[in-house]
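What follows is a short report on a single structure.
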Number of protein chains: 2
Amino acid sequence: MASDQTRSAILAAAERLYADRGFGDVTLRDIVAEANVNLAAVNYHFGSKDELIAELFVTRSIQTNRERLNELKAAEEAGGGRAAIEDIMRALVGPTLRGCLGPDREGSTAARFMIRASIESVPPIRRIKNREVDHLRKFAAAMRRAMPGRDDTELYWGLHFALAMAHHTIREKERLLRLSEGKCDLDDVRAIIDRVVTVSVMALTMGDVPSKPAARPVLVHGRLTRQDL
Amino acid sequence: MASDQTRSAILAAAERLYADRGFGDVTLRDIVAEANVNLAAVNYHFGSKDELIAELFVTRSIQTNRERLNELKAAEEAGGGRAAIEDIMRALVGPTLRGCLGPDREGSTAARFMIRASIESVPPIRRIKNREVDHLRKFAAAMRRAMPGRDDTELYWGLHFALAMAHHTIREKERLLRLSEGKCDLDDVRAIIDRVVTVSVMALTMGDVPSKPAARPVLVHGRLTRQDL
DNA sequence: TTGCATTTCAAACATTTGTATGAAACTATC
DNA sequence: GATAGTTTCATACAAATGTTTGAAATGCAA
C-alpha cells in the first residue's frame with residue numbers, strides 16, 4: 001500500500017472516531033482497527049498520538065480561517081478598502097457556524113469533529129487554539145478601520161462576544177434544542193448567522209448616539225429586517 | 001481520624017489540584033498525597049474517581065444556582081411579582097461571573113475549579129450540566145412573564161446568548177486579555193456583568209418597534225448609561 | 001473490657017495506553 | 001535483479017491508573 005494511503009486512512013478513521021465518540025474514548029488501537037492498518041503506523045507517520053490530533057485540527061482550522069479571511073477580503077474590496085462592520089462580523093462567525101451547523105452537515109464528519117474539538121479540550125488542540133490570537137488581530141484591525149475613533153476596548157469586547165455566541169451555539173446546540181423544546185431552529189444556519197451578527201453589531205455600536213435612530217446598525221445596512229430575527 | 005476529616009481533606013485537595021492542573025493531569029495518587037490520606041480512601045468515601053469529581057462540581061453548582069434563584073426571587077418581589085428583564089438577566093449571569101472573575105477571586109480555589117470545569121469537559125461534569133436545563137426553565141418562565149407576548153424562540157435565544165457571553169468570558173478570559181493586550185479589564189466584574197446584561201437585553205428586545213427610540217432597553221431601564229459600557 | 005462497626009492502610013490487581021523495536025515486505029532506482 | 005530506502009507488521013515494553021482486597025487500627029457502645 002502506498003504510504004499516503006495509510007496516512008490518509010489513519011486521518012479519516014481518526015476523525016470519524018473522534019467525531020463520534022470523543023477524544024477521551026478513542027485509543028490508537030481503535031483508530032488503527034478502523035483504518036485497517038498496523039498499530040505502529042500512527043507513530044511512524046505522525047510521530048505521536050498528539051501530533052495526529054494536532055494535524056486533524058490544524059487542517060480544519062486552516063480551512064475555516066482561510067474562509068474567514070476570504071470573506072473579509074471580499075467585504076473590504078466591495079467596500080473600497082473599508083468593510084462594513086456587519087460584514088466583518090459576518091466573515092468572522094459565518095464560516096465557523098456554517099462549518100458546524102446545518103442539516104446537511106449532520107452527517108459531515110468534519111463538522112462533528114470540530115464540534116467535538118470545541119466541546120472537549122485536549123492539550124494538542126488547546127495549544128493550537130492559543131495561536132489563534134494572531135488570526136483574530138486581523139479582524140480587530142478591520143473592525144478598527146470600520147469604526148474609527150471607537151475605543152479599542154469596546155472593539156475587543158464586541159469581537160469576544162461574537163465568538164462567544166458562535167462557539168456557544170455550536171457547543172451547546174443540543175441543550176438549546178432541549179431547552180427550547182425544538183423551537184429554536186438549529187438547522188437554519190443563515191438565520192443563526194444573521195442573529196449573531198446583528199447582536200454583535202448592536203453590542204459594538206451600543207455607545208452610539210441613541211437619539212439618532214438612523215445610527216442603529218440594523219437599519220443602517222438594511223440587510224437585516226425584523227423578520228430575519 | 002474522624003471519617004469526615006478524611007472526606008473533607010480529599011475534597012479540598014482534589015479541588016485544589018484540579019483547579020491548578022486540570023482534570024487530565026491529576027491522578028488519585030496525586031490527590032491522596034496532597035490530602036495525606038490513603039489511596040483507598042477515595043474509593044471508600046466516594047465510590048469512584050468520577051463520583052468524587054461529581055460531588056465537587058455539584059456542590060459548587062448548587063451554590064451558584066441558589067444565588068441565581070435568590071437574586072431572581074428578590075427581583076420579582078421588588079417588582080411586585082414581575083421582575084424587569086434586565087434584572088432577570090442579571091440574576092442569571094451575575095452569580096456565575098462573580099464566582100469566577102475578579103481580582104479577589106484570583107486565589108480562590110473554588111473559582112479556579114469552576115473555570116477548569118468550564119474549560120475541560122469531563123464525563124461526570126457533563127452529565128451534571130445536562131441536568132441544568134430544568135434550572136434554566138425557571139429563568140425562561142420569568143423572562144416570559146417579563147416580556148409577555150414575545151415569541152418564545154426569541155426568549156430562548158436571548159437566554160442562550162446571555163449564557164454564551166458569560167461562560168465564554170470565563171473560559172477565554174486569558175485569550176481576551178492577550179488579544180486586547182490587557183485593555184479589557186477582566187477584574188472589573190461589575191462592569192462585565194453590566195456589559196453582558198446590556199447586550200443580552202438588547203438581543204432580547206431588538207425586535208421592538210425600531211421607530212420608537214424610547215423602546216431601546218438601554219434607555220428604558222435607565223440604570224445603564226454610556227459610561228457603563 | 002468485650003464486641004461490633006467503621007475507617008485506614010499497604011499491597012496487589014487488572015487493564016489500558018502510547019510507544020519502541022527489529023525483522024520482514026515492499027518499492028524504486030540503477 | 002541487486003541494492004538502498006521506505007513502509008508494514010507482530011510483538012514487546014514500560015509505565016500509569018482506577019479499583020479491590022483483607023488485614024490492621026480505631027472508635028464506640030454495652
Side-chain angles (χ1 to χ4, degrees), chain A residues 1-58 113 116-117 120-128, chain B residues 1-58 113 116-117 120-128:
Chain A
M1 190 190 278
S3 143
D4 271 4
Q5 287 187 28
T6 301
R7 246 188 88 92
S8 307
I10 292 172
L11 285 169
E15 187 169 44
R16 205 176 325 140
L17 287 179
Y18 285 141
D20 286 341
R21 292 158 38 191
F23 294 99
D25 273 356
V26 176
T27 71
L28 287 188
R29 284 169 176 80
D30 294 330
I31 293 171
V32 299
E34 178 88 357
N36 275 310
V37 300
N38 187 271
L39 173 60
V42 174
N43 287 278
Y44 178 79
H45 285 283
F46 299 94
S48 70
K49 182 197 183 186
D50 276 11
E51 288 173 90
L52 166 62
I53 294 177
E55 174 150 345
L56 282 170
F57 186 68
V58 164
F113 174 81
R116 280 284 182 195
E120 301 182 34
S121 192
V122 294
I125 289 182
R126 227 171 307 162
R127 278 192 287 272
I128 294 162
Chain B
M1 190 190 278
S3 143
D4 270 3
Q5 288 187 27
T6 301
R7 245 189 88 92
S8 308
I10 292 172
L11 285 169
E15 186 169 46
R16 205 175 328 137
L17 288 179
Y18 285 142
D20 286 341
R21 291 157 41 190
F23 295 99
D25 273 356
V26 177
T27 70
L28 286 189
R29 282 170 178 79
D30 295 331
I31 293 171
V32 298
E34 179 87 358
N36 276 310
V37 300
N38 187 270
L39 174 60
V42 174
N43 288 277
Y44 178 78
H45 285 283
F46 298 93
S48 69
K49 181 197 185 185
D50 276 11
E51 287 172 89
L52 166 61
I53 295 176
E55 174 150 345
L56 282 170
F57 185 69
V58 164
F113 174 81
R116 281 284 180 193
E120 302 182 31
S121 190
V122 295
I125 289 183
R126 226 172 308 161
R127 278 192 287 272
I128 293 162

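Per chain, numbering begins at 1; letters A, B, ... match sequence-line order. None of these values were measured; they are calculated from a predicted model.
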Going by the angle between their ring planes, with limits at 30° and 60°, are A:F23 and A:F113 parallel, tilted or perpendicular?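 Perpendicular, since the angle between the ring planes exceeds 60°.
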Euclidean distance, atom [atom1] of residue [X] to atom [atom2] of [N] [Å, nearest integer]:
X     : N      : atom1 : atom2 : answer
B:F46 : D:dG18 : CZ    : P     : 15 Å
A:Q5  : C:dC26 : CD    : P     : 15 Å
A:I10 : D:dT8  : CD1   : C1'   : 11 Å
B:I31 : D:dT19 : CD1   : P     : 11 Å
B:R7  : C:dT6  : CZ    : P     : 15 Å

- Query: Hey, is the main chain of B:A40 close enough, under 3.5 Å, to the side chain of B:N43 for a donor-acceptor pair?
  - Reply: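 No, B:N43 side chain to B:A40 backbone: no donor-acceptor pair under 3.5 Å.
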Query raised in the report: What are the two closest heavy atoms between A:V58 and A:I128, and how far apart are they?
Result: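 Result for this residue pair: CG2-CD1, 3.4 Å.
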Minimum heavy-atom distance B:A41-B:T6, with the two atoms named: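 Answer, listing the atom of B:A41 first, then B:T6: CB-CG2, 4.0 Å.
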Nucleotide by nucleotide, nucleotides 9-19 of chain C touches protein heavy atoms under 4.0 Å in the pattern (B base, S sugar-phosphate only, - none) BB-B----BBB
Measuring to OP1 and OP2 of C:dT6, would you say a side-chain N or O of B:H45 lies under 4.0 angstrom away?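 It does not, given that no N or O in the side chain of B:H45 lies less than 4.0 Å from OP1 or OP2 of C:dT6.
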Taking OP1 and OP2 of D:dT7, is either one under 4.0 Å from a side-chain nitrogen or oxygen of A:T6?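 Checking A:T6 against D:dT7: no side-chain N or O falls below 4.0 Å of OP1 or OP2.
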Decide yes or no for A:I10 and A:V32: does some side-chain heavy atom of the first lie under 4.5 Å from some side-chain heavy atom of the second?
->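 No, every pair of side-chain atoms sits at 4.5 Å or beyond.
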- Under the side-chain contact (heavy atoms from CB on, under 4.5 Å) rule, what do A:I31 and A:K49 come out as? Steps first, then yes or no, please. CA-CA 10 Å; A:I31 293 171; A:K49 182 197 183 186; 6.0 Å; no
